[in-house]
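In what follows, chains are A, B, ... by sequence order, proteins preceding strands, each numbered from 1.
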Amino acid sequence: MSTPVTEPANERTLNFIEEIVEADLASGKHKSIITRFPPEPNGYLHIGHAKSICLNFGLAKKYGGKTNLRFDDTNPVKEDTEYVDSIKEDVQWLGFNWANEFYASDYFQQLYDWAMEMIKKGLAYVDDQTQEEIRLTRGTVMNPGKESPYRNRSVEENVDLFTRMKNGEFKDGDKVLRAKIDMGHTNMLMRDPILYRIIHTDHHRTGSTWCIYPMYDYAHGQCDSIENITHSICTLEFDVHRPLYDWFIEKLEIFPSHQYEFARLNLTYTVMSKRKLLELVKNNYVSAWDDPRMPTICGLRRRGYTPESIRLFAEKVGVAKRNNVIDLSLLEWCVREDLNKRANRYMAVLNPVKVVITNYPEDKVEMMDAVNNPEDESAGKRQLPFSREIYIEHDDFMENPPKKYFRLSPGNEVRLKYAYIIKCEEVIKDEPGNIKELRCTYDAETRSGGSSSRSVKGTIHWVSAAQAVPAEVRLFDRLFTEAHMDDIPEDKDYKDYLNTESLQLTKAYLEPSLKELKAGTNVQFERLGYFVADKDSKPEQLVFNRTVTLKDTWAKIASK
RNA sequence: UGUCUUAUGGUGUAAUGGUAGCACAACAGUCUCUGAAUCUGUUUGUCUAGGUUCGAGUCCUAGUAAGACAACCA
């Protein structure tokens, strides 16, 4: 269903992770590579995850390796099957196939056995302190922590206690298993990190089998190791976790997976925090996870973004370790770039003004040839009805035009795309002075495709009034009105900056051939932008979402 | 005030001791029956101060700035 994206012609430069991989392959450190995409199933994937997906899967694809999809489901309180399903759907939609579908919970028994091994090696202990006590005795980034009074329990006692933890003899919070490292370590994560906590909550996959659950740090590296992940790629904020990641692997003497960090994606006008996105959904600030304003993969999909455009975007933003904020215009460029080659052109009028062509016969209807896609000849042609009364875009007429206005104005001529050149002879207004109708004449010699050599500066789109199909469109804009979350003042609620108006439906008139368009089909409304037929669209009520506008240089000229 | 990470045009990203390049944005021009796209061109950059070197964006030292870390989240 998806054609290959416009891959960059020459790929001379490698990102730093590709360089590492090439070096590892060249030195024989690894014969082939295995990567993994490890989402926690506690929310929907967004454009930031797309970058990670493209990196992990793209890397394996490029170097002939494979990629696992692994759900990091170590916290039953936050996770749900709903999210598992959506994540799988989104990864596939983006165009990637995983070698294996794994779950951290698949490894609970192995992780437990390893924990026992750690205890027996004297590297882990059961701590009875309360959460509060543990927090207080951890110290601060500036000051070392204090050792737990339970730190030096005997191996036998620890084995007994941990076994009983597993058997459900204790309540949530009564005890935890901790690694015995160094309470004075400059890295807070090395100050006897918690390995297991007691949670008497059913897990979406393991049910009530377990009441102790491993923490991220104890689980992640080992899961990578079990799967022989050669390059474990995560975002920058995990770099302080790497010493711990390595510590477990070293102490357990298991496959040495290695973690590499890259900068996560930030986009202007966009919120990328899963927590905040969840809040937007739960509080109904947006209609759902796939609200077309959402930066989620499913939101972008409903908005008409293509997998190719998102992959192209991931390619363009690059991979580095520097914190970044990408301009939304780059994403929009990627969408236009892709859609420009594949979306058929149609005519639609969003804000109509009626035009009566006074010298055109009353009952005549001509069928005009229209090219579906000038970028793609195989897209073919269609026929458009033309008649005496048409609608044109309100913006395409100005009573008192500025100097460089090329479109319709009194006494001026303009080309109706695929039809005739018309001249505005008269403006008819209602009582308050609003333009009601334009009376024009047409030049019968100038029919599109004919022999006339006359040319005018402006070309506008139109639909025949009698045959026009009414529809509704959503003219989405960006999710936030400010350039970035960071630009929203501290004392303001970010929800006040949400674009809510753009969700509203606007009436439109479409050319008749759009009547049967299937939901999810990308089209370009001539001169208006790229649109997509929404999933709610029905033959009796057509609904379109605007994917992205065409670059509107006229608006810039006009605003000068 | 600790540890770690980072610092190249407006925004991203290359240059691995040897001509600072590419993309987006911006601007100008060219085409065009889409003021789009295409095509051409222009503007704008190595955080600071020292040092090593024939030569430093790159290596060293110091400073500055930004980010991360003190959940029984991931």
Between [N] and [M], how far is it from one [atom1] atom to the other, in whole Å?
N	M	atom1	value
B/U42	B/C4	P	45 Å
B/G50	B/U19	P	24 Å
B/C27	B/A66	P	31 Å
B/A65	B/C47	P	16 Å
B/A56	B/U46	C1'	11 Å
B/A74	B/C69	P	15 Å
B/C33	B/U8	C1'	45 Å
B/G2	B/A70	C1'	11 Å

- Whether A/His203 side chain and A/Cys211 backbone form a donor-acceptor pair below 3.5 Å: no
Using a 4.0 Å heavy-atom cut-off, does [X] contact any base of the nucleic acid, only the sugar-phosphate backbone, or nothing at all?
X	answer
A/Lys457	nothing
A/Glu40	sugar-phosphate
A/Arg447	base
A/Ser448	base
A/Glu261	nothing
A/Thr74	sugar-phosphate
A/Tyr405	base
A/Glu237	sugar-phosphate
A/Lys551	sugar-phosphate
A/Gly449	base
A/Phe238	base
A/Arg191	nothing
A/Val176	base
A/Thr137	nothing

- Can the positive tip of A/Lys423 be found less than 6.0 Å from the middle of the six-membered ring of A/Tyr442, inside 45° of the ring normal? no
Between [N] ([atom2]) and [X] ([atom1]): distance, integer Å:
X	N	atom1	atom2	value
A/Phe406	B/U32	CZ	P	13 Å
A/Glu79	B/C73	CD	P	11 Å
A/Arg336	B/U38	CZ	C1'	15 Å
A/Phe16	B/A15	CZ	C1'	17 Å
A/Tyr269	B/U11	OH	P	14 Å
A/Asn324	B/G67	CG	C1'	11 Å
A/Ile326	B/G12	CD1	C1'	5 Å
A/Phe170	B/C72	CZ	C1'	16 Å

- Message: Check the phosphate of B/A71 against A/Arg197, side-chain N and O only, distance under 4.0 Å to OP1 or OP2. Yes or no?
- Response: no
- Would one find a side-chain N or O of A/Thr13 under 4.0 angstrom from OP1 or OP2 of B/C22? no
- Item | Per-nucleotide protein contact string for nucleotides 1-7 of chain B (B base, S sugar-phosphate only, - none; heavy atom under 4.0 Å) | BBSSSSS
Tell me which nucleotide, if any, is Watson-Crick or G-U wobble paired with [N] when both distances must be under 3.5 Å.
N	value
B/A23	B/U11
B/U6	B/A65
B/U52	none
B/U30	none
B/U1	none

Among the candidates [options], find the nucleotide nearest to the side-chain atoms of [X].
X	options	value
A/Ser329	B/C73, B/U34, B/C24	B/C24
A/Leu330	B/A71, B/A14, B/C24	B/C24
A/Lys78	B/A37, B/C73, B/C27	B/C73
A/Met215	B/G35, B/A71, B/A37	B/A71

- If we ignore angles and hydrogens, is there a donor and acceptor under 3.5 Å between the side chains of A/Asn75 and A/Glu40? no
- Do A/Glu261 and A/Gln259 have a side chain donor and acceptor closer than 3.5 Å? yes
- Message: Going by ring pair (Phe, Tyr, Trp, His ring centres under 6.0 Å), A/Tyr112 matches just one of A/Tyr107, A/Trp210, A/Tyr218. Which one?
- Response: A/Trp210
- Only residue of A/Phe162, A/Tyr216, A/Phe108, A/Tyr125 satisfying ring pair (Phe, Tyr, Trp, His ring centres under 6.0 Å) with A/Tyr196 is A/Phe162
- Can we say A/Glu79 and A/Arg205 salt-bridge, meaning some charged N sits less than 4.0 Å from an Asp/Glu carboxylate O? no
- Query: Closer to the 5' end of RNA chain B via nearest nucleotide, is it A/Val319 or A/Arg527?
  - Reply: A/Val319
- Message: Go nucleotide by nucleotide along RNA chain B from the 5' end; which of A/Trp333 and A/Gly173 gets its closest nucleotide reached first?
- Response: A/Trp333
- Not counting sequence neighbours, which residues clear ring-ring contact (aromatic ring centres under 6.0 Å, His included) with A/Phe397? List them please. none
- Hey, mind stepping through A/Arg36 and A/Glu227 against salt bridge (charged side-chain N to carboxylate O under 4.0 Å, His left out) and telling me if it holds? CA-CA 9 Å; A/Arg36 107 263 92 115; A/Glu227 297 177 14; over 6 Å; no
- Message: Centroid separation under 6.0 Å, is that true for the rings of A/Tyr420 and A/Phe386?
- Response: yes
- Task: Flag the pair A/His258 / A/Tyr260 as yes when their ring centroid distance falls below 6.0 Å, and as no otherwise.
- Result: yes
- Message: Syn or anti for B/A71? Use the chi torsion, O4'-C1'-N9-C4 for purines and O4'-C1'-N1-C2 for pyrimidines, with syn inside 90° of 0.
- Response: syn
- Per the atom types in the model, does the base of B/A74 pair as donor or acceptor with the side chain of A/His241 at under 3.5 Å? yes
- Partner of A/Ile47 under side-chain contact (heavy atoms from CB on, under 4.5 Å), chosen from A/Ile310, A/Ile326, A/Thr296: A/Ile310
